[in-house]
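FYI, side chains are in, hydrogens and waters are out, and symmetry mates aren't considered; it's all heavy atoms of this structure. Given the structure is predicted, the values throughout are model-derived calculations rather than measurements. Positions are given from 1, in the same order as the sequence printed here.
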Amino acid sequence: MAISSLTRLATSTINSPPPFTTVLIISRYFTKRIIFTTATQKNNPPRSFKTMSSSQNSKVIAPYGSWKSPITADVVSGSSKRLGGTAVDPQGHLFWLESRPSESGRVVLVKEAGDEPIDITPPEFAVRTLAQEYGGGAFRISGDTVIFSNYKDQRLYKQSTSSKGSCPVPITPDYGGPVISYADGVFDSRFNRYITVMEDRRVSSTNSTTTIVAVPLDGTIQEPNVLVSGNDFYAFPRVDSKGERMAWIEWSHPNMPWDKSELWVGYISENGDIHKRVCVAGYDPKIVESPTEPKWSPTGELFFITDRKNGFWNLYKWVESKNEVLPLYPLNAEFARPLWIFGMNSYEFVKNEAGKTLIACTYRQNGKSYLGILDDVQGSFSLLDIPFTDIDNIASWNDYLYVEGASAVHPSSVAKVTLDGRKVVDFKICWSSSSDCLKYESYFSQPELIEFPTVVPGQNAYAYYYPPTNPLYQASQEEKPPLLLKSHGGPTAETRGILNLSIQYWTSRGWAFVDVNYGGSTGYGREFRERLLDRWGIVDVDDCCSCAKFLLENGKADKERLCITGGSAGGYTTLAALAFRDTFKAGASLYGVADLNLLKAETHKFESHYLDKLVGDDKAFFDRSPINFVDKFSCPIILFQGLEDKVVPPDQARKIYKALKEKGLPVALVEYEGEQHGFRKAENIKFTIEQQMVFFARLIGRFNVADPITPIKVDNFD
């Protein structure tokens, strides 16, 4: 590509503006001011501002999209800290893993210590595993020791959490590069070792070997000992308190873990090997299920979650003597999430005042999460009243639960929930992805859960609609707002109605925003999830278009200013909607898929057969690839891509960009050096949202953006 020279300009050229180019590579060698290009607004004259007073307030009358807002792109990028898990040590100290956009996405283990949390991870380390590309389960704490995966070399390290400035010590071999990754490990005190999933990419980076291995903790560094092997994938190795039994989840191609998986238990011999094993769930061909999250109780009973019978992930218990499983509390609700990442923890064992073991767990039903205490003996469930409407992982210690969650007014947070029996007596936020965001509360748009009809009679889908909201501005009564529809990634995933400042960035400027859970999304059971089988690129596209139509019919949006955006699988849905439907007037694809055959050939092992079930035969692969139907595109598109993306490689964005440019459509491509699948650096998060905003405003918006954003040049427009 002609743009490669832009990233290698000598420092002597920094004071000179670069030539016009549409494809931008954001490099660590340049500030954004150097690579911005200037383009003037044209074709769409801006509307004027007026003021209207009322007895209660005085608001500026201004076009939708032109409103001023304190929720700037800097605020959004600064609030984009990600939570990578929580843990509690035996003394009750809370630990959490956070990624920091301000440090180029470095992931740090932090320990709660009064008003000033302590970074456990030294500056030269980062806690992140690349296992299955999406990672997760990158650390485990036992006593005052943490074992973690270091991002740069992917080795496991051992470190003290109690000694200030403790230096991590490697416990796995140095293979000369990050070719082996570890995840989802647990301590095995019986043999003084660490049992973990290991992904070996030494022979092939696209067809890695995954096993469950044991790593000694006696100070010697040696090749890990393989305990379980032979299948394509493993997760959740969990050892009972005596070190006599280990449970794990495994699955094989062409299944994804939410399609069909198996739960096994292996018996550990005197020398530490697995000498006998039994399949607990997933072996019966007459029962389609995907067991997940096995866990041993303090008394040695095995619990897990599966979606047999009612099609919803519910809690079960294994009766070892009979090798049968029993449901604990059947409910048409999801007690687990799809296994995209390692280390999920949806339930914990707790003791009541009488010393009885209960289960603290969370489930999701009709777009909302619930937290409660389950008594598996009595079969009763007591709801706990907390402000979160969205809950992920939970951890416990004595009378406390540490809950990862969010709500319409809480960003991603960790809360300490104090219990008195089965009642909540205190709720305190310990960590927040944006601790000062409440100062913008008057600008927050509250999500409205909507259920809308699809093109299939009798079938509905769901979305969260966010109306334009700003305490200082309003539009004229004659104007309808521009609408940005977001299609989530996955596609086997779920969007949730929580406080997300990247959404509030749009709504506080006068945009309507809708986040769609199309058919195939999780959170609504297996039947809803499987609507997408053989129909990816059809059902998701139809549902997004149906949602936009539903909002138009209810007067919520301007038909001429409908835009669509999405990342990864959502980027594919965006491109497919723009190619095969005429609903939307412009789109933004973030690391999206344009060529399904190319994705199948180039993507990593974990998803290498994912498309077989989502798409179908060779004809479907061709017919649903937007790259093959460039002639059907008719509106402006902006593309964003990380150059180190191994899930959706850069060729996807480059091919569709080149084809659309040659067709003569307004198009732009921004590429980021050092970014993978999803953007982690603050400057790139900021640049992406600003350029989407100004792109839509210039191309279809008919308004001036209030922020001082310098737009990039758009091919076939500027």
The criterion is side-chain contact (heavy atoms from CB on, under 4.5 Å); which residues satisfy it with S508, sequence neighbours excluded? S69, I71, Y443
Output all residues satisfying side-chain contact (heavy atoms from CB on, under 4.5 Å) with I341, sequence neighbours left out; order by chain, then residue number. Y134, M344
Looking at side-chain heavy atoms only, is the closest gap between L562 and L552 below 4.5 Å? yes
Donor on one side chain, acceptor on other, D232 and S252, under 3.5 Å: no
Between K600 and F621, is NZ or CZ placed under 6.0 angstrom from the six-membered ring centre and within 45° of the ring axis? yes
What residue pairs, at least two apart or across chains, pass ring-ring contact (aromatic ring centres under 6.0 Å, His included) with a residue in residues 529-554? W536-Y572
Verify the distance criterion only: is there a donor paired with an acceptor across the side chains of S369 and R364 at less than 3.5 Å? yes
If you measure only the distance, is there a donor-acceptor pair under 3.5 Å linking the side chains of E250 and S261? no
Is there a side-chain contact between P101 and K681 in this structure, where contact means two heavy atoms from C-beta onward sitting under 4.5 Å apart? no
Relative to the ring of H609, is the ring of H253 parallel (under 30°), tilted (30 to 60°) or perpendicular (over 60°)? tilted
Quick one: does any side-chain atom of N500 pair with a main-chain N or O of S502 as donor and acceptor, under 3.5 Å? yes
About how many Å separate OG1 of T292 and CG of L263, when rounded to the nearest 0.5 Å? 9.5 Å
Can you check whether F335 and W313 have ring centres sitting under 6.0 Å from each other? no
Does any part of the side chain of R308, heavy atoms only, come nearer than 4.5 Å to the side chain of Y316, both counted from C-beta? yes
Side-chain donor or acceptor of D540 paired with backbone N/O of Y518 under 3.5 Å: no
Regarding S445 and Q504, do their side chains bring together a donor and an acceptor under 3.5 Å, going by distance alone? no
Could you tell me whether the side chains of H677 and D645 share a donor-acceptor contact shorter than 3.5 Å? yes
Distance only, no hydrogens: is a donor on one side chain within 3.5 Å (strictly under) of an acceptor on the other, for S521 and E494? no
Could you tell me whether D542 and R531 have a side-chain N and a carboxylate O separated by less than 4.0 Å? no
Taking the side chain as everything from C-beta on, heavy atoms only, tell me whether V414 gets closer than 4.5 Å to L83. yes
Donor-acceptor contact below 3.5 Å, side chain R496 vs main chain D390: no
Hey, are the side chains of I638 and V667 touching, using non-hydrogen atoms and a 4.5 Å cut-off? no
Would F513 and Y464 count as a close aromatic pair, with their ring centres under 6.0 Å? no
Does NZ or CZ of R509 come closer than 6.0 Å to the centre of the six-membered ring of Y505, within 45° of the ring's axis? yes
With Y363 as partner, the option from F312, F381, Y347 fulfilling ring-ring contact (aromatic ring centres under 6.0 Å, His included) is F381
Do Y64 and F703 have side-chain heavy atoms sitting under 4.5 Å apart? no
Please check if the distance between the ring centroids of Y672 and F679 is under 6.0 Å. yes
Mark yes or no for whether N310, through its side chain, and L331, through its backbone, hold a donor-acceptor pair below 3.5 Å. yes
